[in-house]
Each structure stands twice: as C-alpha cells, then as structure tokens.
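Step one of this worksheet: look at the structure below.
Per chain, numbering begins at 1; letters A, B, ... match sequence-line order.
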2 protein chains.
Amino acid sequence: MSSIADVARLADVAKATASRALSGRGYVSAETRQKVVDAARQLGYVASQNAASLVTGRTKSVGVIIPFINRWFFAEVLEGVEEALLEQGYDMTLYNLPLASPERERVFEFFLARKRFDGIVSVGVALSDAEVNHLHRLGRPLVGIGGAIRGVPTISIDDVAAARLATEHLLSLGHRDIVHVGGSRVNEMDFHVHRNRYGGFEAAMTEAGLPVQGCLHTSEFTVPGGHERGLALLGDPRQRPTAIFAASDEIAIGLIVAARELGIQVPAELSVIGIDGHPYSTMFRLTTLEQHPRRQGQLAVASLLAEFENPTLGGHDDASTVLQTNLVIRSSTSAPRQPTVSGS
Amino acid sequence: MSSIADVARLADVAKATASRALSGRGYVSAETRQKVVDAARQLGYVASQNAASLVTGRTKSVGVIIPFINRWFFAEVLEGVEEALLEQGYDMTLYNLPLASPERERVFEFFLARKRFDGIVSVGVALSDAEVNHLHRLGRPLVGIGGAIRGVPTISIDDVAAARLATEHLLSLGHRDIVHVGGSRVNEMDFHVHRNRYGGFEAAMTEAGLPVQGCLHTSEFTVPGGHERGLALLGDPRQRPTAIFAASDEIAIGLIVAARELGIQVPAELSVIGIDGHPYSTMFRLTTLEQHPRRQGQLAVASLLAEFENPTLGGHDDASTVLQTNLVIRSSTSAPRQPTVSGS
DNA sequence: GGTTATCATGGAACCGGTTCCATGATGCGC
DNA sequence: GCGCATCATGGAACCGGTTCCATGATAACC
C-alpha cells in the first residue's frame, strides 16, 4: 500500500506539495498538480482517512443509532441516510440498539466516544438527557428522526396531526364506533409516537363529541401484532367497531388479514386506516397516511452536513422539520353499512 | 477532550507507560496500572481509535456490503452481524449497494480502499473477480453470506437441498402438479440463489419422473410480488396447480393472500410451501424450510475475527459453512383433494 | 557474590497524513 | 528599479496513539 510519501517521491515534490495537490487546499501550480495526480493514479494511491482524521479532526463518518433494522420505517430511513451519506463521501456506522438494551451504555460511553464520527443521527430513539449531554460534550452535531429530542434538530412527521386526519377521515365517512389499535401510552422510551398518535385520535374523537374510553387497544407495531389483536378484537360481532384507526400500516394489514379470516368484509363491515404508506398497502388496498421515511433520512443527513459547515455553537437549534403526510384513499375505508346509534 | 499525554501527566508516568497500562500489552506494575486507570477514569479518557489504527493497522471496524436493507433476510443478517461485532468492540460500516448500482465502482475504488476496515462481509452480493481481487489486494479478509464467491469463505444454506426438500415434501403428500414461483434463472448477479432453488426443484421433480417444462413462474422476492403472480397464476381454475413451491416465504405469503382473495382454499385446494422461516409465516400457517439469517451473520463475524487472529496468508480458504434448514410443517400444505392424473 | 533472566519504566521514533512557517520566484504598481 | 503582494514549494512540527530500544532495578541461579 503506497503512502503519500511514495506519491511525492514519484512526482518529485515534497509531501506537503503532494498533500496540497491532492486535497485542493493551498497553492499548487497546475503543472505540479497534474504530476502529483498522475503519480497517485499510477500507484493506485488512496489517502488513509485515519491519518487525515487525526490531524483535521474530521472523520468523514457518521454514526447512526437505531432501535430496529427489520421494520419497514427504520429500514427505509436507513436506506435514505446511507444513500445521502455515500453521495457526500461519508461512511455510515450503524448501532442497532433495542430500546432497552444492556449494550446501550457501552455504546454511549465507549463506541461513540472514540472520536470516530463527525456527527450522529438518532432514529426513533428517545435519548435521555444524560445521553444527549454525553453526545453534546463530544462536540459533535446530532440530529434526530421520528420524534423530538430536547434541544436537538429533528426530522419527523406531525404524528398528532396525522392521527387526527386519519380519525377524521373515518368520522367524515359517518363512523362513530371507532377504536384505535396502537402502542401503549406508558412506554416512555418509545419516543412519544404512541402517545402522539393516540393523542390525535383522542382529539378528533372528543371534538366529534365521542367518548374514547376503552377505545385503545395495544399491539406490537407489526403485522402479526395487528393480526393477533384483530382476532381478539373482531371475534365477537356484538362489540365489534365499524372502523379501526391503526397506528401503523403493518398493524392495519394484520387487522385486515384477521378480518378476512373471520369472514368480515372490508370495508363493508369494517373500515381500516393506517399510517405509513408501507409497500404492502397497495395490495391490501389500504387507506393510509403516507409518510416518506427515506426522505426523512436524506433530510437528516442534509441537516447534519449543514451543521458541519457552520456549527451553531451548541445553541439550542430547534430547527425541527415537520413533514406533511398525505391521505391516500384506497378501498379499506367506506361509510359504515348503516349508521350506528351512538353509545353501544 | 483529553489525550493519553494528559493521562500520563496526571498519573505521573510516561506516555509509553500509560499506553501499556491501558492496553494491557507489555510490562506494567499493578500499582502503576491502577494509577493510570484512575487518571484515565478521572479525565473521562477514551482512546482515539484513529490514532491507534494509524500505527497498529487494526481499525476495529468491519465493512458490510449488502444489496437490500428492507428485506427480511438481509435485515436479519445485518442485525446478527452488528450484534456480534458490537460484542467484540468492532464498529460496523454499512454499504447498501443495489445489485446494479452506479455507486458500486466508487465504493470499491474509494470507500473500501481508504484503509478503514479490518475485514469485509459481503451479503448476498455476487462479486466479480475484479472486485474480489481488489479486496484481496487490500490484504483484508473477506467473508460472504448467502452464496459462494470464488476463493472466499462463505456462510450459507444449501439452497439446492432446501429446494429439493420443499419439493419432496409436496411430492410425498401426493402432489404431481407442482409449480415453482421464484427468481429468474438468467439473473447472473443475483448470487445463484434463484438458480439453485430452481435447481433443487427441478432435481426433485425429475427424480419423481415429472416434467418441469413451464413450471417456473418468476416473481420479485416480496409479498406483493408473490401476490401479483398468484392472481395471474391462480385465476384460471383449469390450469391451476395443486401445489406451489415458493422460493421465499414472502412470495409464499403473497400467493396465499392471492389464493384467499380468489376463494381458493389453502391447503385443501392449493398447497404452498416456502423457504425462510419469516416471522409472518406463523400467522399465515405457512409450511416452510427455516433458515436463520441472524445466526449466519454471527457466524460470518466469527469467521472473520478468526481470520484476524491467524490469517491464512491469502490461501484459498474454502472453509465454507453450509447450514441446515429444517422443515416446519404448518397447515399450508396437505394432500391434494383428489390425486390428479399426471399430465393435465 | 557475580552473572543472567525478568520486570518496570522512560525516551524517542513512527504511523500517514495536514498545516504552519520560511524561503524564493514572479508579477505589479509607481 | 524598488517595494510589496501573490504564488509555489519544501522543511518541520504535529495529531494521538503504539512500540522499539535503552536503562535500571530486582530476583534467581549456580
């Protein structure tokens, strides 16, 4: 493996000149630059980023913390982040930290501390104040995706608004007997997504003068999770709602599969709406609020790179970007067969 | 940010001693080590891996090349790889390279060349000889997952055997009219998985004295892909097979959903078998051949780390590990309703 | 008790880049 | 023609670790 000294020797210039020629910083005559570039090409020279990082302090690498890889939203974000970073010459180093991982502390104290990253992207992870401080002390910018972290710029959709829109769509079709299948409100670490989506549902229902008591049914955010909940929830025709707002498309799809297994017609007997725009939503003809996690990943990277250019001196930069979701109406929702009389 | 010089000063020893005390290499008295460790803790010192890499040549980082993130098999492998690496103190840097990516060359020539990795894991990517040589010239070990690369140790299942087992399961139930829904044979870059799974199917059919002509139906390896193919394939009752061997569970699930939509009873009128052990397979009661991609990822890391310890001097180490798949029988397969007379 | 092996430590070189500083050459304005 | 700004280049220091080598101090052995 050749070093810059080899290149300099071959081009018959000093190391300093070779460095300037290749990096494009400082004065080098066009002629000399060409000599150096030729020599580098001839030797197949690629600069050691490590050595450069040591002196410049820039690593050309970004760390990403994410609780799941094998879930659509997260995988999609990851693809967006990776693509955007690669384009800018950055490496992406991935830390898959389940919400309550024992590795968590180790990652923050050791992995993230060894000065390998120019910045950090935190996806769908609620960071504790201690963790945020830890990262801030490293002096590296941090951006979040999927939920607000105090004092950290964040890319996300407005979960409350999206949930409200979804619920209002069902209400506008004439449904009164609506339940919400989503995450538990008590899970603090899960980034308020659960709470917010329930909150939007609650707001819309209350505004329509409907009670929300007993309307929350919890589920894992997966297809099997929704399926399991669906079998339990829809089994008894007597207490079956006419519409369900699912907190994610995966849950919604599980519900639809369960409904089909139980012989319940969707949407004639049951309307289902989700949030996501999951690739499966088309084949299940699912009405949903589309978001674009890949784009969220790209925006997070753009925001991070901007921070590299001109750091905001640790100021509480609450430049949070809130993205629109758009309602895609397919045929999993319709007016209820016959308007139910409110109150059971 | 404190450096080892700060630690040494605080502990009143030389840099060299501090380094030995913290790394555990070389002679240091217990007493001195304690002094240094205390000083390091007091300063919140974490060694710069960059600086260490520069002199040792070990980066404590592994690069991973993968064509998809948002597919079950790949995401699962990734989780396994990441988990195993983290446990050993390694970082994982991810390159998401779609099969025919324009970025591909740039990643090999530039990103992988900047001496940042101790080794590379290539998942489900058929590398060209040129690419393998390129990596070998870097002198870094390389392991593959999901298909053989010439001269590179690889972790995979025996796709031919698994496909054969799946087909034999259908045959043993009495099916004669079986088709295969899978990948196209012509896609060279797609790691022979398609070819091998078809190959196993073909072998089993031929052995049973059945023709395979016209039995291959291609599909994307996704649920919507299987669904689309299912609607087309199962629409006409006259030429409907009694059983389908799907090359992946996602395809199989798409087929089952399509069958249900068409009012076809599974397994009474149609048996479906897949390969994977996808988490959705339980809820769709899918018979399948389970593989464990997460474990494959872990094994790949183990193999790579072993190579770090004692390099095999670039010898063609064909220590490929072939993992067993095991047949999990659920209720998507059964004997055909009435034995069909062979030959339509 | 002298020689030697083992242990403990410090100084200095080194990894491979980047950047500061000094030096020299050139071009420009007056 | 002189002074100064700009450009081009080389030498050397430096980033933050690790490791080689030299020096001393102990302990072990005959």
A:Arg58 has an atom CZ; how far is it from atom P of C:dG17, in whole Å? 18 Å
Hey, are A:Asp118 and A:Thr59 close enough side-chain-wise for a donor-acceptor pair under 3.5 Å? yes
Value in whole Å for how far the P atom of D:dG17 lies from NZ of B:Lys60: 16 Å
Identify, residue by residue, the members of residues 12-21 of chain B with a heavy atom below 4.0 Å from DNA chain D, and return them in order of residue number, or none. B:Lys15, B:Ala16, B:Ser19, B:Arg20
Separation of D:dC7 atom C1' from A:Arg33 atom CZ, nearest Å, is 12 Å
CD (B:Glu109) with more than 12 external heavy atoms under 6.0 Å: yes
With respect to the phosphate group of C:dC7, does any side-chain polar atom (N or O) of B:Tyr27 fall under 4.0 Å of OP1 or OP2? yes
Neighbour count >12 (heavy atoms, 6.0 Å) for atom CD, A:Gln324: no
Just checking, any donor-acceptor pair under 3.5 angstrom between side chains of B:Asp38 and B:Gln34? yes
Starting at atom CZ of B:Arg9, determine the distance to atom P of D:dG17, rounded to an integer number of angstrom. 12 Å
Does the side chain of B:Gln291 come under 3.5 Å of the side chain of B:Gln296 through a donor N or O and an acceptor N or O? yes
Scan A:Ser53 against the nucleic acid and name what it touches under 4.0 Å (heavy atoms): base, sugar-phosphate only, or nothing. nothing
Distance in angstrom units between A:Asn50 CG and D:dT18 P, rounded: 13 Å
Once you round it to whole Å, what is the distance between P of C:dC15 and CG of B:Leu54? 9 Å
Among C:dT9, C:dT18, D:dT9, which nucleotide has an atom closest to any side-chain atom of B:Val28? C:dT9
Is the gap between the ring centers of A:Tyr90 and A:Phe308 under 6.0 Å? yes
Which of C:dG16, D:dG16, D:dT9 is nearest the side chain of B:Ser3? It is D:dG16
Would you say a side-chain N or O of A:Lys115 is under 4.0 Å from OP1 or OP2 of D:dC15? no
Can a side chain N or O of B:Tyr45 be found less than 4.0 Å away from OP1 or OP2 on D:dG17? yes
Taking CZ in A:Arg33 as the centre, count heavy atoms belonging to other residues, nucleotides or ligands within less than 6.0 Å. Is the count above 12? yes
Is the shortest side-chain N/O distance from B:Thr32 to OP1 or OP2 of C:dT9 below 4.0 Å? yes
Please state how far atom CD in B:Glu31 lies from atom P in C:dC7, giving the value in whole angstrom units. 17 Å
Could you state the NZ-C1' distance from A:Lys35 to D:dA8, rounded to the nearest angstrom? 12 Å
